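In what follows, a single structure is set out as structure tokens and then discussed.
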Amino acid sequence: MHVDPTDLDDSLLLQQIRQGGHEAFAVLVNRYADRCYRIAYRLVSSKDDAEDIVQEAFLKLWRRPKLWDPCKGAKFTTWFYRVVINLCVDHQRKKRPLGFLEDMEFADGNPGHDALLDNHQRQSLLERFISDLPDRQRQALALCFYEGVSNHDAADMMGVTLKALQSSIMRAKMTLKKKVKLYLGGGST
Amino acid sequence: MRMDPKQFREYVLIHGTDILGWPEDIRTPGLKALESSLELQALLEDEERFERVLKERRYEDPRPELAECIISASRRKKDKRPHSIVVFFSDLFWEFGVPNRALTAFSVSLLIALILGFAIGFFYPSGAISSEQNQINLEAFLYCEGDVL
């Protein structure tokens, strides 16, 4: 009896991939490429880079499917998202860091007037605030706030304790809130 | 369980402003605390404004054929994979979860240096001194600062 690979769970698909099953690999890619892309995009803020990272992660899996070992206890998705996150971290380290906030030019030298900032400028500023956060805080924010991953899963993906993850989210939001209040006028500190 | 304003603020930061989505054990105390405090209601509204700003963050969808591109690339990849020592070490470090490729490059350079060292040691062992070198050593032994010992 032929079983439709789209009905198989991740670990069964991985078993087939280990035996060279390309169809199973295709199912896995279709199942997770978008989610991986969203995570990567939130971490590298570039469509092209995020697509490259997702492709690299899947190709690594295709070349060496035994890298994921179910006996180690991690769910496939947790392990694979961690692979994507690590690739994003590598990518960010290679990239030149952004300049200081002071480099930004404001229409009247007063950044506090959000009416003066158009949508594109607001997004660029927000992007810069987020990219200035430490890696771990940025990852926590991307996973929990933007992607709605549960705190437990996010902690597993990042390889940190739950407390450390929650602390990272809090710090990230507090830092951002101060900057948002100062430059974009949203919320209070 | 009663929730004080400090705890409430922390939970809002950690779990977001949608209290109905909080973990079960803190959801009801959170809702009760919110109901009974104008200060917390103002705090929540403020956080909601802040979250709306965060959600303005730019997002671009991937190209629709991303999955298909990955699948086609994997067809080519399995056949064309080069069997080099660099790939071997890269995979090895990947296996151990070392994310930095610079470390892989560094390790490969160390290995090359080690192999070179062995090769030099093998072809020029320290015990093999030429007769010319032996003569120089003898002169150095016999003469010290121009005087014959």
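Quick caveat, the model's predicted, so the values are computed rather than measured. Sequence lines set the chain letters: A, B, ... in the order given, protein chains first and strands last, and positions in each chain run from 1.
Residue Arg38(A) touches chain B through both its backbone and its side chain, counting heavy-atom pairs closer than 4.5 Å. In this structure, chain A has no heavy atom under 4.5 Å from any part of Glu68(B). When heavy atoms are compared at a cutoff of 4.5 Å, Asp34(A) approaches chain B solely by way of its side chain, counted from C-beta outward. Heavy atoms of Tyr32(A) lying under 4.5 Å from chain B are absent altogether. Contacts between Arg52(B) and chain A at a heavy-atom distance below 4.5 Å are absent for every atom of the residue. Interface remark: Leu43(B) contributes no atoms to any contact with chain A (heavy atom separation under 4.5 Å). With a 4.5 angstrom heavy-atom cutoff, Glu45(B) does not touch chain A via any of its atoms. Contacts between Ile130(A) and chain B at a heavy-atom distance below 4.5 Å involve the side chain alone, from C-beta outward.
A distance of 7.5 Å separates CE in Met174(A) from CZ in Arg9(B), rounded to the nearest 0.5 Å. Put simply, CG on Leu141(A) and CZ on Arg57(B) are 7.0 Å apart, with the number rounded to the nearest 0.5 Å. Atoms NZ and CG, from Lys47(A) and Leu66(B) in turn, are 9.5 Å apart once rounded to the nearest 0.5 Å.
In terms of hydrophobic clustering, with Ile, Leu, Val, Met, Phe, Trp and Tyr side chains grouped at heavy-atom distances under 4.5 Å, Leu110(B) and Phe118(B) are assigned to different clusters. By the rule that hydrophobic residues join a cluster once side-chain heavy atoms approach within less than 4.5 Å of another member, Trp22(B) and Leu162(A) end up as members of separate clusters. Ile112(B) and Leu114(B) fall into different hydrophobic clusters, where Ile, Leu, Val, Met, Phe, Trp and Tyr are joined by side-chain heavy atoms under 4.5 Å apart, directly or via other members. A chain of hydrophobic side-chain contacts below 4.5 Å, direct or via other Ile, Leu, Val, Met, Phe, Trp or Tyr residues, connects Leu20(B) to Val12(B). Follow the hydrophobic side-chain contacts under 4.5 Å out from Trp79(A) and you reach Leu12(A) in the same cluster.
What you find for Ala67(B) and Asn30(A) is that their closest heavy atoms are CB-OD1, 3.3 Å. Ile169(A) and Leu13(B) make their closest contact through CG2-O, 3.5 Å (heavy atoms, listed as atom of the first residue, atom of the second, distance). Taking every heavy atom of both residues into account, Leu59(A) and Ile70(B) meet most closely at CD2-O, 4.0 Å. In terms of heavy atoms, Arg58(B) sits closest to Tyr41(A) at O-CE2, 3.5 Å. Across every non-hydrogen atom of Phe50(B) and Val180(A), the tightest pair is CE1-CG2, 4.1 Å. The two residues Ser74(B) and Trp62(A) come nearest to each other via the heavy atoms O-NE1, 2.9 Å.
Applying the 6.0 Å contact sphere to NE2 of His22(A) captures more than 12 heavy atoms from other residues, nucleotides or ligands. Counting heavy atoms of neighbouring residues, nucleotides and ligands inside a 6.0 Å radius, atom CD of Glu39(B) does not exceed 12 of them. Summarising the local packing, CZ of Arg171(A) is surrounded by 12 or fewer heavy atoms from other residues, nucleotides or ligands at distances under 6.0 Å.
In terms of non-hydrogen atom pairs under 4.5 Å with chain B, the most contact-rich of Ser167(A), Ala26(A), Ala33(A), Ala140(A) is Ala26(A). Chain B forms the most heavy-atom pairs under 4.5 Å with one residue out of Arg42(A), Gln55(A), Gln166(A), and that residue is Arg42(A).
A heavy-atom distance below 4.5 Å is found between the side chains of Tyr37(A) and Glu60(B). At least one side-chain heavy atom of Asn151(A) sits under 4.5 Å from a side-chain heavy atom of His15(B). Contact annotation: the side chain of Tyr146(A) approaches that of Leu54(B) to within less than 4.5 Å [non-hydrogen atoms, C-beta and beyond].
For the pair Glu56(B) (side chain) and Gln123(A) (backbone), a donor-acceptor distance under 3.5 Å is absent.
Between Asp46(B) and Lys181(A), no side-chain nitrogen of the basic residue sits less than 4.0 Å from a carboxylate oxygen of the acidic one, so the salt-bridge criterion is not met.
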